[in-house]
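To start, the structure itself, in structure tokens.
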Amino acid sequence: MTFFARLRQSVENVLAAFCVFLMTAMFVLVVVAVAYRELGASLTWYDEVATVLLAWLTYYGAALAALKRAHLGSPEVLRAMPMMLRLPLFVLSEVLVVGFFVLLAWTGLQAMLLLAGDTLISLPVVSVQFTQSVIPIGATLFILGELLSIPQEWRSLQHVPVAGEEMIERLS
Amino acid sequence: MSTLLMLLGMVALVLINVPIAIAIGLVALAGTIAAHGTDDMLNLALTMYEGARSFPLLAIPLFVLAGGIMNAGGISQRLINFCMALLGSIRGGLAMVSIGAAMFFAEISGSAVADVAALGSILIPGMKRKGYPAEFAAATNSSAASLAIIIPPSIPMILYGTIANVSVVQLFVSGVVPGLIGGFGLMGAAYWYARRYNFPIEQAFSLGQLWRAFREAAWAFLLPVIILGGIFGGFVTATEGAGLAVLAALFVGGVIYREYDLRFLYKLTVDGAVQTAVVMLLIATSAVLGLHLTEAKVPQMVAQGLIDLTSNRYAVLAVLNILFFVLGFFLHSAAAIILVVPIVMPLVHLVGIDPVHFGIIVTLNLAIGQQTPPVASVLITSCSIAKTDIWATSRWNLPYVAVLIAVLLLVTYVPMTAMALVDLFYR
């Protein structure tokens with residue numbers, strides 16, 4: 001296994017493990033909150049923390065989806081184009097995607113600076129800077145996932161698959 | 001004009017393989033900069049963070065997870081065994097079993113792709129072995145799986161409810177009767193095929209066998225009672241019902257049936273996280289676009305433009321049905337809801353259409369859209385399991401799609417079909 005392949009696998013494993021942790025935490029939180037409510041002792045911080053977990057799952061999961069090239073898109077048109085058009089348009093699309101997340105990471109950092117001192121309403125021990133950190137960190141991880149999966153995506157764009165081939169790959 | 005340019009820009013970006021979520025974010029950002037300069041760019045991070053923080057949407061990862069756990073825990077196999085004992089004696093029995101099992105599975109899963117992956121991977125190879133044409137097997141399982149988003153719980157309904165600010169519970173209830181009509185209609189179409197092509201009868205009906213299969217599947221039948229009973233009874237919200245679905249599925253699969261493979265469970269959870277993130281990123285970038293379109297008063301302009309042509313409720317519904325039907329060919333269901341619903345909601349309110357009624361109409365359109373290529377996630381999954389050509393399978397799928405369209409028209413023009421239960425219990 002090459003260094004590049006090992007790096008890609010390591011990033012995928014870490015992101016996958018963190019996403020499983022977030023999914024499990026969300027499930028446990030919802031069930032525990034229902035149990036507490038039925039016992040007459042509602043958790044005041046439940047809604048706010050649960051939605052923070054969802055936002056975290058959105059961005060860490062999106063980075064994992066970028067690595068797996070699982071985001072909804074339409075590669076068919078690009079695949080049907082002649083090679084002399086396909087390569088520059090592929091590069092353009094990658095530049096646009098990475099550029100968007102560079103901008104998101106930068107604005108996320110600026111927003112964190114603005115929010116210094118703010119805390120969650122129902123759980124004042126947790127700072128908003130900590131919860132909002134998902135935007136710059138998630139955006140950076142998205143860029144990493146996108147860059148690490150470029151060779152695989154380019155290979156897949158070089159041939160026209162038979163119907164459902166990608167889905168078979170994913171299901172297997 | 002700028003909105004039209006944004007739309008064209010978005011189409012161009014998607015055509016060069018920019019993911020839809022990011023294409024939406026890019027054009028929204030360009031629109032914001034064009035309107036307000038770079039001063040408002042800080043809002044990008046804040047809006048995208050808040051866009052992903054919605055309590056009702058927590059139900060999506062939990063229902064996705066519940067569906068995966070139920071499949072891994074042997075629940076789908078037991079549902080199939082029960083349906084085989086119940087419906088296997090009818091001509092074309094395996095096709096009936098596919099539809100019947102999909103109707104049961106739909107009550108515990110809210111995703112049609114999860115449904116076809118869970119049931120189709122068992123039933124399609126079985127149908128092929130029994131001599132059914134592979135395209136017929138793929139078409140039957142694909143259309144049957146679409147019931148998963150009509151019969152509650154339903155992930156598209158959760159999305160619609162959140163975006164249109166409508167009760168998810170009422171949306172769930174509105175799907176019960178159309179889902180049942182659709183299921184029995186699909187069975188009718190399968191029976192017509194079975195008579196025409198002389199498909200086999202699987203087994204003679206036996207009450208003893210049915211009882212044994214029912215006892216085996218009894219715990220699986222308890223799941224919808226717990227999930228839907230809890231939600232409809234008002235004991236838990238849809239999100240909490242999804243959490244209970246995961247808990248119940250873990251209990252039934254792990255303690256009762258004892259069929260869990262932890263490694264498979266881990267993989268399913270990762271897949272669920274990715275599926276959720278794909279939809280949620282779309283929602284987050286759409287929040288940026290929504291803000292821009294609202295400032296530009298685009299939804300109001302669309303509403304006024306159409307009202308100038310006609311204010312007849314049924315004519316407007318016809319136009320919206322055609323719009324969603326055409327979009328179904330080219331857009332994934334989550335993208336269709338997220339992009340179109342916020343724009344058409346002012347129109348829906350203006351002509352006096354009940355938003356719950358409109359929600360079930362949108363859902364039915366998306367169920368049809370999942371069957372119409374080139375963008376047809378459920379059909380493509382089914383074809384990939386059956387190893388069939390999408391277009392050849394689509395020909396076999398035509399009668400099934402016709403049934404779904406008939407249900408759509410019935411629900412659109414006889415609102416009572418979907419709304420009677422909602423009116424009875426909630427109004």
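Order of the sequence lines fixes the chain letters, A, B, ..., with proteins taken first and strands second; residue numbering starts at 1 for each chain.
- If you tally non-hydrogen atom pairs under 4.5 Å between each of A/Leu92, A/Leu54, A/Val30 and chain B, the highest count goes to A/Leu54.
- The heavy-atom pair separating B/Leu46 from A/Gln132 by the smallest distance is CD2-NE2, 3.9 Å.
- Looking only at side-chain heavy atoms (C-beta outward), A/Tyr59 and B/Met48 come within less than 4.5 Å of each other.
- Heavy atoms only, all atoms of each residue included: A/Met23 and B/Gly272 are closest at CE-C, 3.8 Å.
- For B/Ile283, no part sits under 4.5 Å from any heavy atom of chain A, backbone or side chain.
- Heavy-atom distances place both the backbone and the side chain of A/Ala17 under 4.5 Å from chain B.
- Proximity to chain B (any heavy atom under 4.5 Å) is shown, for A/Tyr60, by neither the backbone nor the side chain.
- Of the residues considered (B/Val246, B/Leu379, B/Leu65), B/Val246 shows the highest number of contacts with chain A, using heavy-atom pairs under 4.5 Å.
- With 3.5 Å as the limit, one finds a donor-acceptor pair spanning the side chains of B/Asn17 and A/Glu153.
- Each of B/Leu42, B/Val274, B/Leu15 has some count of heavy-atom pairs under 4.5 Å with chain A, and the biggest count is that of B/Leu42.
- When heavy atoms are compared at a cutoff of 4.5 Å, B/Thr276 approaches chain A solely by way of its side chain, counted from C-beta outward.
- With chain A as the partner, the residue from B/Leu57, B/Val18, B/Leu58 showing the most heavy-atom pairs under 4.5 Å is B/Leu58.
- Separating the CH2 atom in A/Trp56 from the CE atom in B/Met280 is a distance of 15.5 Å, to the nearest 0.5 Å.
- Contact check for A/Leu103 versus B/Met41: side-chain heavy atoms found under the 4.5 Å cut-off.
- Residues of residues 33-41 of chain A that come closer than 4.5 Å to chain B, counting heavy atoms only, are A/Val34, A/Arg37, A/Glu38, ordered by residue number.
- For the pair A/Leu104/B/Tyr49, no side-chain contact is recorded, criterion being any heavy-atom separation below 4.5 Å from C-beta on.
- The minimum heavy-atom distance linking B/Pro19 with A/Val97 is given by the pair CD-CG2, 3.8 Å.
- For residues 134-142 of chain A, heavy-atom neighbours of chain B at less than 4.5 Å comprise A/Val134, A/Ile135, A/Phe142, sorted by residue number.
- Only the side chain of B/Leu282 comes within contact range of chain A, with heavy atoms under 4.5 Å apart.
- For the atom pair CD1 of B/Ile16 and CZ of A/Arg86, the computed distance is 14.5 Å after rounding to the nearest 0.5 Å.
- Both the backbone and the side chain of B/Leu281 come within less than 4.5 Å of a heavy atom in chain A.
- Interface check for chain B: of the options A/Thr58, A/Thr131, A/Leu78, A/Val77, the most heavy-atom pairs under 4.5 Å are formed by A/Thr58.
- Residue A/Leu29 does not touch chain B at all, counting heavy-atom pairs closer than 4.5 Å.
- Looking at A/Leu115, the atoms closer than 4.5 Å to chain B (heavy atoms on both sides) all sit in the side chain, from C-beta outward.
- Open room surrounds CZ on A/Phe3; 12 or fewer heavy atoms of other groups in view lie less than 6.0 Å from it.
- Shortest non-hydrogen contact noted between A/Ala62 and B/Ala277 is N-CB, 3.3 Å.
- Proximity to chain A (any heavy atom under 4.5 Å) is shown, for B/Leu265, by neither the backbone nor the side chain.
- Around atom CE of A/Met84, no more than 12 heavy atoms belonging to other residues, nucleotides or ligands sit under 6.0 Å away.
- Atom CG of A/Leu53 is separated from atom CZ of B/Arg53 by 10.0 Å, given to the nearest 0.5 angstrom.
- For chain A, the nearby parts of B/Tyr266 are the backbone and the side chain; heavy atoms of each come within less than 4.5 Å.
- Considering only heavy-atom pairs separated by less than 4.5 Å from chain A, the leading option among B/Ser54, B/Gly51, B/Ser121 is B/Ser54.
- Between chain A and the residues B/Leu62, B/Leu244, B/Leu13, the most heavy-atom pairs under 4.5 angstrom are made by B/Leu62.
- Counting non-hydrogen atoms of other residues, nucleotides and ligands closer than 6.0 Å to CG of A/Leu113 gives a total above 12.
- The candidate with the highest count of non-hydrogen atom pairs below 4.5 Å against chain B, out of A/Ala65, A/Gly73, A/Ala55, A/Cys19, is A/Ala55.
- Both the backbone and the side chain of A/Val20 come within contact range of chain B, with heavy atoms under 4.5 Å apart.
- With a 4.5 Å cut-off on non-hydrogen atoms, B/Thr285 touches chain A through its side chain but not through its backbone.
- A/Phe21 does not touch chain B: none of its heavy atoms, backbone or side chain, sits under 4.5 Å away.
- Contacts with chain B were tallied for A/Phe101, A/Phe90, A/Phe100; A/Phe100 has the most, counting heavy-atom pairs under 4.5 Å.
- Considering every non-hydrogen atom in both A/Ala50 and B/Phe55, the closest pair reads CB-CE1, 4.4 Å.
- Residue B/Ile20 holds its CD1 atom at 5.5 Å from CG of A/Leu72, rounded to the nearest 0.5 Å.
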